[in-house]
Amino acid sequence: MHQSQIHALARAMGEAAPYIKKYQNRTIVVKYGGNAMINEELKQAVMQDLLLLNQIGIRVVLVHGGGPEIAQGLKLIGKESVFIDGLRVTDRETMDVVQQMLAGKVNKSLVALLKGRGIGLCGIDGGMLLCEKRTGAADWGFVGDIVRVDTHLIEFSLDSGFIPVIATIGADEHGTPYNINADTAAGQIAVALNAAKLVSMTDTAGLLRDRHDENTLMERVSVNDIAALTEQGIIAGGMIPKVECCADAVRGGVDEAAIIDGRVAHSILLEMFSHKGSGTLFCR
Ligand SMILES: Nc1ncnc2c1ncn2[C@@H]1O[C@H](COP(=O)(O)OP(=O)(O)O)[C@@H](O)[C@H]1O
Ligand SMILES: CC(=O)N[C@@H](CCC(=O)OP(=O)(O)O)C(=O)O
């Protein structure tokens with residue numbers, strides 16, 4: 001190792017040390033989104049980072065999406081994806097595909113990369129995510145709103161040293177399964193766990209003032225400014241539920257929430273263990 005590399009390592013470790021102390025024995029919830037999850041190599045790098053966090057004593061909960069995989073599954077049976085306000089319209093046939101893809105293919109592929117430390121769950125397991133049918137401006141079919149998060153199974157997995165990997169399917173009191181947006185679920189799970197941090201990994205550098213220009217990254221945003229940013233059209237599309245869930249998490253008692261770039265290797269380590277962080281940090 002060169003002298004310069006040794007200095008860089010010493011500097012990085014010195015910078016990281018207080019953050020490692022801050023997060024040890026605390027819970028962090030990581031939401032890993034569909035569009036950042038497509039590249040196999042990156043997926044492996046992200047899971048390795050989560051394993052590292054687990055090994056240094058941070059309680060990591062992974063909540064995953066899988067929108068693109070669901071779209072693929074639907075295509076195979078000749079169905080197009082339909083979204084209203086960012087939520088998938090989910091009829092009975094679509095719900096079957098959501099279950100197969102999220103709780104099956106995507107969940108197990110992530111657990112497999114966690115080398116024996118992952119435990120694959122969905123919100124139906126242990127009564128984790130109790131839902132009711134979403135009502136409002138449209139009929140989304142089997143799309144659920146979370147009524148209650150039961151954290152017992154998550155805590156049990158964490159206490160046993162595992163990384164719970166959660167597919168966001170819940171059930172109502174009759175046992176009917178519902179499809180839940182993964183960002184929304186991650187935010188509510190983070191609040192229920194009284195997490196130290198929520199990190200949402202996606203396919204942009206973070207929240208951009210101009211969504212087509214990554215040089216306009218907003219590094220720090222107060223949750224009080226979100227309404228104005230949405231009104232100005234700066235927060236749009238898939239960013240709306242993502243930002244809202246960060247804001248709800250922070251308002252619900254999570255210390256901080258960040259949206260970071262899931263396409264950049266080790267961005268989560270940079271976010272957690274450096275002064276600069278990465279992406280956009282939402283604070284009170
Ligand atoms: N201000 C903004 N900054 C960054 N991305 C934005 C913004 N407004 C809208 N977006 C869009 O939101 C997308 C991220 O949401 P989404 O595709 O639902 O992510 P995921 O699949 O990770 O859940 C970005 O790829 C981008 O197209
Ligand atoms: C109700 C609803 O829209 N559910 C989402 C669940 C998966 C998800 O949120 O995946 P991403 O994080 O990859 O977007 C869906 O069916 O696509």
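First listed ligand is number 1; within each ligand, the first listed atom is number 1.
- Looking at G67 next to ligand 2, an N or O pair under 3.5 Å apart turns up.
- Among protein heavy atoms, atom 17 (O) of ligand 2 sits closest to R88 NH2, 3.0 Å.
- Between E93 and K79 there is a salt bridge, since at least one side-chain N of the basic residue sits less than 4.0 Å from a carboxylate O of the acidic one.
- Interface of G33 with ligand 1, defined as ligand atoms under 4.0 Å from a residue heavy atom, comprises 22 (O).
- Between A182 and ligand 2, an N or O atom pair is found at a separation short of 3.5 Å.
- Among all protein heavy atoms, the one lying closest to atom 18 (O) of ligand 1 is G238 CA, 3.4 Å.
- The part of K242 lying near ligand 1 is the side chain, judged by heavy-atom distances below 4.0 Å.
- If you check which protein heavy atom lies closest to atom 6 (C) of ligand 1, you get M239 CG, 3.5 Å.
- Of all protein heavy atoms, the one lying nearest to atom 21 (O) of ligand 1 is N35 ND2, 3.1 Å.
- With a 4.0 Å heavy-atom cut-off, ligand 2 is reached by no atom of T90.
- Remark: R263 engages E214 in a salt bridge, criterion side-chain N to carboxylate O under 4.0 Å.
- The closest side-chain donor-acceptor pair between R88 and S81 falls under 3.5 angstrom.
- Close approach to A236 involves these atoms of ligand 1, each under 4.0 Å from a residue heavy atom: 8 (N), 9 (C), 10 (N).
- Using a 30° and 60° split on the angle between ring planes, Y23 and F273 fall in the perpendicular class, above 60°.
- When only modelled atom types and interatomic distance are considered, D210 and H212 share no side-chain donor-acceptor pair under 3.5 Å.
- For the pair K31 and ligand 2, a heavy-atom separation below 4.0 Å is found.
- Within the 4.5 Å cutoff, no side-chain heavy atoms of I119 are placed close to those of V111.
- Heavy-atom proximity to G65, at under 4.0 Å, picks out these atoms of ligand 2: 8 (C), 10 (O), 11 (P), 12 (O), 13 (O).
- The side-chain heavy atoms of K105 and I70, taken from C-beta on, include no pair separated by under 4.5 Å.
- Looking only at heavy atoms of the protein, atom 22 (O) of ligand 1 is closest to T202 OG1, 2.8 Å.
- Checking T216 against D213 by side-chain atom types alone, no donor-acceptor pair falls below 3.5 Å.
- With a 4.5 Å cut-off on side-chain heavy atoms, Y19 and M272 do not count as touching.
- Among protein heavy atoms, the minimum distance from atom 13 (O) of ligand 2 is reached at G34 N, 2.8 Å.
- Between R284 and E256 there is no salt bridge, since no side-chain nitrogen of the basic residue lies less than 4.0 Å from a carboxylate oxygen of the acidic one.
- Ligand-side atoms of ligand 2 in range of I70: 15 (C), 16 (O), 17 (O), range being under 4.0 angstrom from any heavy atom.
- Taking 4.5 Å as the limit, some side-chain heavy atom of V30 sits within range of a side-chain heavy atom of I268.
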Practice item. Test salt bridge (Lys or Arg N to Asp or Glu O under 4.0 Å) on K133 and D145 and set out the steps. Key: CA-CA 6 Å; K133 180 181 157 69; D145 283 333; over 6 Å; no
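- Backbone and side-chain nitrogen or oxygen atoms of G66 are examined, and one is located within less than 3.5 angstrom of a nitrogen or oxygen of ligand 2.
- Only the side chain of T204 comes within 4.0 Å of ligand 1, judged by heavy-atom distances.
- Among the atoms of T168, none of the N or O lies under 3.5 angstrom from an N or O of ligand 2.
- Under the 4.5 Å side-chain criterion, counting only non-hydrogen atoms from C-beta, I259 is in contact with C246.
- Ligand-side atoms of ligand 1 in range of D203: 14 (C), 24 (C), 25 (O), range being under 4.0 angstrom from any heavy atom.
- V106 has its side chain within reach of M37: a pair of non-hydrogen atoms, C-beta onward, lies under 4.5 Å apart.
- The distance criterion of under 3.5 Å between nitrogen or oxygen atoms is not met by G237 with respect to ligand 1.
- Ranking the protein heavy atoms by distance from atom 4 (C) of ligand 1 puts G206 O, 3.4 Å first.
- Between L208 and ligand 1, at least one N/O pair is under 3.5 Å apart.
- The protein atom (non-hydrogen) at minimum distance from atom 5 (C) of ligand 2 is N179 OD1, 3.7 Å.
- Note on ligand 1: D183 sits in its first shell, one or more heavy atoms being nearer than 4.0 Å.
- A heavy-atom separation below 4.0 Å is found between K31 and ligand 1.
- Residues V46 and Y32 have side chains in contact (heavy-atom distance under 4.5 Å, counting atoms from C-beta outward).
- Note that atom 27 (O) of ligand 1 has no protein non-hydrogen atoms nearby, at separations under 4.0 angstrom.
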